[in-house]
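Below is one structure, written out as structure tokens; the observations come after it.
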Amino acid sequence: MRWGILYDWSKELASCEPEYYRWNQWLFLQLYKRGLAYRGKAPVNWCPTDQTVLANEQVIDGRCERCGSEVVQRELEQWFLKITAYADRLDDGLDQLEQWPERVKVMQRNWIGRSVGADVEFPIPSLGKTIRIFTTRPDTIYGATFMVLAPEHPDVAALIADASDRAELERWIESVRCQSALERQEAGKEGRFSGKYATNPFTKEPIPIWLGNFVLLQYGTGAIMAVPGHDQRDFEFAKQYDLPIRIVVVPNVEPALSRFESAGEPALRQAFVENGVSVDSGVITGLPTPKAIERIIAEIGRLGIGKKMVRYRLRDWLISRQRYWGTPIPVLYCDKCGIVLVQEDQLPVVLPLDVPFTGREGNPLAKDPNFVNATCPKCGGSARRETDTMDTFVDSSWYYTRFISARDDKQIFDSRLVNRWLPVDQYIGGIEHAILHLLYARFICRTLYDMGLVNFEEPFTRLFNQGMITKEGYRDPSDNLAWVPLNEVELRDGKAYRGGHELVPEMGKMSKSRFNVVPPDDLIARYGADTERVYTLFIAPPEKEAAWSDEGVVGAYRFLGRVWNLWERVAAGFSPTGGLKAAPTQLIRKTHQTIAAVTQRIERFEFNTAISALMELSNAITDARADGADVSESYKVLLQLLHPFAPHITEELWEMLGNQRFILTSRWPEADRALMQEDVVTIVVQVNGKLRGHVEVPNPPAEEVVLSAVRGNDRIQQWVAGKQIVKTIYVPGKLVNVVVR
RNA sequence: GCGAAAGUGGCGGAAUUGGCAGACGCGCUGGACUUAGGAUCCAGUGGCCCAAAGCCGUGGGGGUUCGAGUCCCCCCUUUCGCACCA
């Protein structure tokens, strides 16, 4: 309110209200019917502090995105949305997003992690079955000297069933399973021999099957063929456990080839992972890597042991949460009928407001009999209500459509209106949403498209990532680097202290925990909302992080003060007795140049330089007025151009100038190209590339005029005297460079 | 380790296509007006030099060019992203 911001309250929505989240539930039902929502058992990320599961996107460096606790893996039945079914479309769609920052697209591409390769079955003679692996380098299959399974791989139990050291193996598997993702990675590579062998389908040799902590169950098939000669991870594992390494690809450069061969296996210090030429590889011997891959996949297909495969790093979106808040998942469990959807006309399933909170003892919803006990709509028998609620990122993945018809209680939104107004032309958000919200929203938009509800696949045409405003915070080294509240910090000689201890300043995002928040209200109370706005926009380009400085604010305050004070002097210009000179052409020119500059810079989000252009115009008006000129027209333009940045003061001054209608409704000034033209241009003169002087010539400048002016210039003549002019370069309207020897 | 972006005065930051480096603002210095100034106004403010002339100057080193903050190569630093994804 105090910022002076206008909202259309008729479009207000709140995702925690049943009027909104009933459409979350409706959407869930549609996704379920399309096979895009499913309940499944999977190893999931569990935050022990928040007592809830988390999506992969919400685990940062092995820690909970919300509270920072180390995340552990648990095997649980949970609800998922099948975002992986859209992996290729989400990846391909990035190419069309020309007005998105490149780094966001790169982050999404990495997150989706599309890999093209092949699935191949490796026979396990002792089990009488095969184990499937995924590889992006099927051309190296002749070099597969062992196999590694994730410790949690479903076939592990059968493999070690009759092992002599089975108990020890199981203990090891259990210890790996209990590790957090972070611990597991820090442990380094570790493995155990299962005791069984697979057959390499191409060399027909028996190869040992190992279990390894570095093989992930969730990616690919949870099993790999290990090619230590051509995969660095396999190489390290092979070295560690003394497994054979076989070279099947060599660099295709002749000298390198001979060196590689003569060096031999013992000298090999790392795997050769680049493309090259296959050797000792049956039908693909002699082929360059891309051709070899193509050929071997055909061969794999012919043998019926596998096929070309595209796999993704992206996992399905785990939306179950056990933390009470959020949208209840509209599902019932009936003893007879199993999973039963809540009927659409029974929505919303309302989140009860009177549940007892006992602290951190699991989901309070599960303890509320009024909520849990329900009747099965199919058989009429008793049923149990789902107590998981949805990740709140579900709400935000389609809210932008709801703004278009926020009060519609018949449908999720009015497609006709949504297709007219959307997709969003300009979306603004922090980079922290690069893969969370923006990926989910792109996914859900495509599902809406497939349901025929919207006619666009990308929700946000143009994306802009604004930077954060940062501020110094202070930590106390004598108190375990705890953050110190600002009112306890004493600043002396550019250093900070608390009770004699020197504190360590650290620049960072404003947050309550760092005690470095500058409440805008204080500044607004002191300087006004206009100053706050102008300063915030002036401080730095909006995409950049910017350090807040209290001192800098006065610059914006003074600027607005000067514009205010100008009024009295300008007002005199309206008086017929003012006896003022006409506005000088110099000022008129500056005015139109400013119109052009500010208009363009606003469009390009270059607000800091737009404001600096306004400051220049303001200074020019001040100078011209001091010179006794009538500056009223330029002043009016200044107010109009300044209005988007400082609406209150400009509106007031506009009225004081005698205008009847709001400046807001006035027509945006238009730059007159002809009036912007300088009548004299200053040409820079260089001798041997160094600045030696200027000449002024009438605009537009003719080359002969410029060159003769340069020749007639005393200073230039001094620099040229006694030298031979090798050549003269003329850049039209800008510069002359005389090259002498 | 891999990938991306960035590095310009005391500070925040300017600088179409290679063409006057430091716009604009903060801070600082001096002055004016003042009982007062943490208000306002005026002037100055990259470094070397008393000053001028001149020289140097956009993280460091090379290169291309008449001319490089801008283009190319190498290196350093910072920030961000990814990090056993087979």
Side-chain angles (χ1 to χ4, degrees), chain A residues 60-61 101-111 113-115 117 133-138 140 144 148 150 181 184-189 212-227 230-234 236-237 273 311-315 431-432 434-435 494 534-535 538-541 543-559 561-562 565 600 606 608-619 622 626 682-694 715 718 726-740:
Chain A
I60 313 292
D61 292 333
E102 202 52 44
R103 62 172 176 157
V104 173
K105 291 194 273 187
V106 167
M107 282 163 78
Q108 291 216 354
R109 209 162 264 136
N110 289 341
W111 189 260
R114 178 185 191 143
S115 296
I133 60 98
F134 172 65
T135 177
T136 53
R137 287 294 299 275
T140 62
V148 190
R184 192 157 162 175
Q185 193 157 339
E186 278 164 2
K189 286 189 179 51
N213 67 343
F214 69 103
V215 175
L216 306 172
L217 183 66
Q218 305 94 310
Y219 184 76
T221 60
I224 62 163
M225 66 173 197
V227 185
H230 306 287
D231 182 286
Q232 189 57 26
R233 297 154 303 187
D234 300 348
E236 287 163 18
F237 195 79
V273 298
R311 290 198 180 263
Y312 303 91
R313 211 190 78 121
L314 183 71
R315 316 265 158 80
I431 188 69
E432 69 275 15
I435 39 187
V534 168
Y535 174 63
F538 183 63
I539 184 171
E543 70 277 11
K544 272 187 74 169
E545 195 168 89
W548 181 269
S549 94
D550 289 328
E551 294 81 43
V553 181
V554 306
Y557 183 64
R558 281 183 201 151
F559 166 57
R562 282 195 294 274
N565 291 333
Q600 188 186 58
E606 295 166 354
N608 56 331
T609 54
I611 290 170
S612 78
L614 290 168
M615 288 172 167
E616 285 184 50
L617 178 60
S618 163
N619 293 343
T622 306
T682 303
I683 305 285
V684 174
V685 187
Q686 299 180 335
V687 176
N688 283 353
K690 297 209 177 208
L691 175 69
R692 295 303 182 197
H694 301 94
R715 264 169 57 87
Q718 282 173 25
V726 182
K727 62 173 159 178
T728 303
I729 290 146
Y730 174 58
V731 182
K734 282 202 172 141
L735 166 145
V736 173
N737 188 10
V738 184
V739 184
V740 299

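Model, not experiment: these values are computed from the prediction. Naming: A, B, ... by sequence-line order, numbering from 1 per chain.
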*More 5' along RNA chain B: A/Val731 or A/Arg137, using each one's nearest nucleotide?*
A/Val731

_Checking understanding here: a glycosidic angle within 90° of 0 is syn, the rest anti, so what is B/G9?_
syn

*Using Watson-Crick or G-U wobble geometry with both distances below 3.5 Å, tell me the partner of B/A52, or none.*
none

*Hey, does the side chain of A/Glu606 reach the backbone of A/Pro541 with a donor-acceptor pair shorter than 3.5 angstrom?*
no

*B/G19 C1' sits how many Å from A/Tyr730 OH, rounded?*
12 Å

*Which whole-number value in Å describes the distance from A/Asp231 CG to B/G1 C1'?*
15 Å

*Is there a Watson-Crick or G-U wobble partner for B/C28 with both distances under 3.5 Å, and if so, which one is it?*
B/G44

*Is there a Watson-Crick or G-U wobble partner for B/C71 with both distances under 3.5 Å, and if so, which one is it?*
B/G63

*Could you please name the option among B/C41, B/C82, B/G13 that lies closest to any side-chain atom of A/Pro541?*
B/G13

*Under 4.0 Å between a side-chain N or O of A/Arg692 and OP1 or OP2 of B/C55?*
yes

_Most 5' of A/Asn608 and A/Leu735 on RNA chain B, judged by nearest nucleotide_ = A/Asn608

*Please give, in whole Å, the distance from B/U79 C1' to A/Ile431 CD1?*
12 Å

*asked:* The side chain of A/Phe134 is closest to which nucleotide in this list: B/A39, B/A86, B/C42?
replied: B/A86

